[in-house]
Each structure stands twice: as structure tokens, then as C-alpha cells.
Amino acid sequence: MKIRELAEKYNDYIIERRRFYHTIPELNFEEVETTKAIAEDLKSMSIEVTTFPDYNGLVGHIRGGKPGKTVMLRADIDGLPVEEKTGLPFASTNGNMHACGHDAHIAMLLGAAKILVDIKDELEGNVKLLFQAAEESCYGAKYYVDNGVLDGVDAIFGMHIWGTLDAPLMNLEPGGRMASVDNFKISVTGQSSHGSAPHLGKDAIVAASSIVMNLQSYVSRKNNPLNPLVISIGTIKGGQRFNIIANKVEMEGTIRTYSRELRTTLEGELREIIENTAKALGCEAELEYYYYAGPVINDHEDLNRIAHDAAVKLYGEESLTAMPKLMGSEDFAYLMEKVPGFYGFIGALNKEKGIVYSNHNDKFDVDESVLHRGSALYAQFAYDYLKEKAK
Ligand code: NI
């Protein structure tokens, strides 16, 4: 077994592919050329590919030489509507940018594919490579679950390259890693009157303001402080003119938590606060609540151990570091709800090389010297998982 050496052998290939995909970022649900290029890359390794007639992304199939379970490795492939300011020679010029490092994810998984093909006779089961579209939409992964792509898969592993984590460190930690994401809209209806005579109207702006404050009071007073919860109102639109009492306000917001239990009751509790706050001020309010990805929680003891041990086998205990959990979200949660999964992080940050910007920044870059380590970790996790479960 020489996964580490194979990853080093493919280092130049991995970096070359990362730069290629970096030049052609496509937005979520538009990853047509990216999907085609990945399919070609996999076919050139004699890997069988499944594409979808009505959706982007694809699956590569590597059949092991021995019977066993099936493990899926996942990389997301979409870019962001960010105008790139890195000044890199391979910077994107199409108005979009791989500002979240999904180009690195594609390259790392292609590197893993090369390694796994080389050792496929030794694999005690099968590996599926999921190149997933539309992660940035918060629900792109759901398509694959709904369309049976995970049927027959026994476990899934994914990771993210991270701009605030020092390269080449990896973070492979049990427990909560990323929060759930649910979004909402609130419409407040009042009655207009002259701005000098508020008593003749019903002020939707005052009612909306009270709702905003009461939602924050829910977070600080009704939610258990040991349970991380964010409720943010991101937009607020209302009113017609400076001297008219507003009869309509629309607001949009997002909710992040780690509590699966809270997600079962929160919508009802917020609706009560929102409707009653408006009512107390003579207005009416309506809540529309949209459920997206759940929390990403590494809560499978066996997968936690296999991921940890894979990294230690490759690069030693010193390659691992702790990282606080994030209130950001990942639609990998949809995949983990379907099959047991593990989600990790690999560092992109390198101050000496001037690579210091965080994900989604228009100057975001990654320390490319870590990419082959990501490939090795993908491959080692798959190899070790299959070996352990074949026993
Ligand atoms: Ni991302």
C-alpha cells in the first residue's frame, strides 16, 4: 500500500487540473462544461461514468478487485457570482469565480480517482465518486438522494478546503461541524395614513421592527444559551414615502442551528411570535418558512475513527488540528441523512505565500501543495473503510 507515494506522484496532475477548473467556474445549476470536463477526465482513467439527463454533476464507478461494501467520496463542483481579484495567471475571466475552492475539491477527487484505479485490485468493495452540482444553493445534493444515486452506498466521505485553517493541517473532528440552514420570509400588512396622523393607520414598519427585535429576544431569552442559534434578517423592504404610514413590509432571513430537535418546533414558535407581535400593534403578519440542509454532525464512531486513523497513517498525528464548529452550512447534510457520513476540512491558508483570504472572498486562493494530501485522504479513507467492513 503506497497511497501517500501515489498522491505525490500525481501532484503535478492534481495542480494542473485545479488550475484548469479554476479558469471555468460555473454557477450552481449551470455546471454543464464542468460536468463534461470531469466526465472526460474520468473516462481517460477508464472509469465508468453516470451522468443525469436533467441535472449536472456525475458519478464515477471504481469496482474493487474483491467483494465488499460501497463507499462514496464526494466533491462539490460549483462556483460563485464573484468577480475574481486574485491576479493569478489562471484567474477566471468569465465573471464567476471558484471563490469557495470547489475547483480544489474537483482536483483532489480526480487525484484520488487516479490513486484508487492504481490500487483497485486491492480494494475490498467499490468506490463511487460523486461530483456534486449546486452546493451553493443549499440544496443541490438533494437531487441525488431523491433520484436513488445513493442507493446501495454504505457510507459517504466529504471535505472542504478552508481559508482560515493553516495548510497543510487537516481537521477531522467528531461532533457538530456545520449548522443547519432554513430560510424564511415575513410579510407584515398594516394600513396607510398620513405620516402626521399615525393613529389613523396601522404602522407596518413599527410592527416589523418589533418583530425583528422579538426574534432576537427569542434567541437570547427562549433558546437555551448552550444551544447555538442564529436568526438573521437580511432584507427589509417597506413603505412608499416619508410622510405615509407604511401599509406593507417584507423581510427575508436565515436560521442556523445544530439542534435537530429545535428544528422540529422552531417554525411554530416563531410563527406565534411574529403573528402576535403584529397583532398587538394592529397589523397582520405571515411567515413563510423554507427547510434546507440539516446540520453536519460527525456522529458515527466508526467513520470518525477511520477518518482520523487514515490521516495519521498518511501524515502523522501532527497533521491534524482542532477547529471550532461553524455556523455556516453544507448541503452534504442531505447525503449524511441518507447514509452514514463523515465531513472534514483541509487547510488552504499559508501566510508565507500570501494566501490569507477566506472562502467567498474575491482574492481567495489555496495553497496548492495541500491538494495531493486531500487526494491521499480521500483514497485512504475509502481503502480503510472497505477493508474494515469486509471483515
Ligand atoms: Ni464551499
Side-chain angles (χ1 to χ4, degrees), residues 17-18 21-22 24-31 34-35 38 56-57 72-84 86 92 96-110 112 129-144 156-165 167 169-173 176-181 183 254 256 292-298 323-336 341-349 355-368 370-371 373-375 377-378:
R17 291 329 278 159
R18 183 260 164 164
Y21 286 101
H22 193 82
I24 59 157
E26 294 173 295
L27 300 181
N28 49 199
F29 303 113
E30 296 175 7
E31 310 91 334
T34 305
T35 299
I38 296 168
N56 298 320
M72 182 174 263
L73 304 174
R74 175 268 206 172
D76 43 1
I77 66 169
D78 52 333
L80 286 161
V82 170
E83 202 177 318
E84 181 159 352
T86 59
S92 156
N96 303 324
M97 179 182 171
H98 268 299
C100 199
H102 299 183
D103 52 337
H105 300 170
I106 298 170
M108 290 193 296
L109 193 52
L110 287 172
L129 311 168
L130 172 61
F131 290 88
Q132 183 215 304
E135 190 282 325
E136 297 290 353
S137 70
C138 305
Y139 65 93
K142 195 170 177 295
Y143 172 91
Y144 307 98
I156 185 161
F157 175 88
M159 62 179 140
H160 210 299
I161 190 134
W162 210 246
T164 57
L165 185 63
L169 295 174
M170 296 185 278
N171 170 260
L172 306 171
E173 218 171 306
R177 307 310 299 138
M178 299 193 83
S180 63
V181 50
N183 299 336
T254 192
R256 310 297 169 109
Y292 289 99
V296 171
I297 301 175
N298 289 331
M323 187 172 94
K325 60 185 174 186
L326 304 160
M327 292 313 284
S329 307
E330 235 302 338
D331 74 352
F332 190 74
Y334 284 109
L335 307 172
M336 285 177 105
F342 183 91
Y343 197 72
F345 296 88
I346 184 163
L349 175 71
I355 298 169
V356 295
Y357 296 96
S358 62
N359 300 60
H360 291 210
N361 187 286
D362 57 13
K363 291 183 178 166
F364 176 73
D365 190 15
V366 304
D367 182 350
E368 290 177 325
V370 308
L371 299 181
R373 287 185 171 226
S375 297
L377 183 65
Y378 269 130

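From a predicted model like this one, the values you see are computed outputs, not experimental measurements. For ligands, and for the atoms within them, numbers begin at 1 and follow the listed sequence.
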**Q.** Distance below 2.8 Å from the Ni ion (ligand 1): protein N/O/S atoms
**A.**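 The answer is C100 SG, H102 NE2, H160 NE2.
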Q: Scan T35, T34, D78 and name whichever one has a side chain to side chain contact (heavy atoms under 4.5 Å, CB included) with N56.
A: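 The option that passes is T35.
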Q) Is a side-chain donor-acceptor pair under 3.5 Å present for Q132 with D331? A)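 Q132 and D331 do have a side-chain donor-acceptor pair below 3.5 Å.
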Q.
Going by salt bridge (Lys or Arg N to Asp or Glu O under 4.0 Å), name the pairs with one or both residues in residues 134-143, residues two or more places apart or in two chains.
A.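 Pairs touching residues 134-143 that pass the test: K142-D146.
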Q. Between F332 and Y144, does the ring centre distance come in under 6.0 Å?
A.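 Aromatic pair excluded; centres sit 6.0 Å or further apart.
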Q | Minimum side-chain heavy-atom gap M178-R256 below 4.5 Å | A |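 No, their side chains stay 4.5 Å or more apart.
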**Q.** Electrostatic pair D367-R18, nearest N-O below 4.0 angstrom
**A.**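 The answer is no: the pair does not qualify as a salt bridge.
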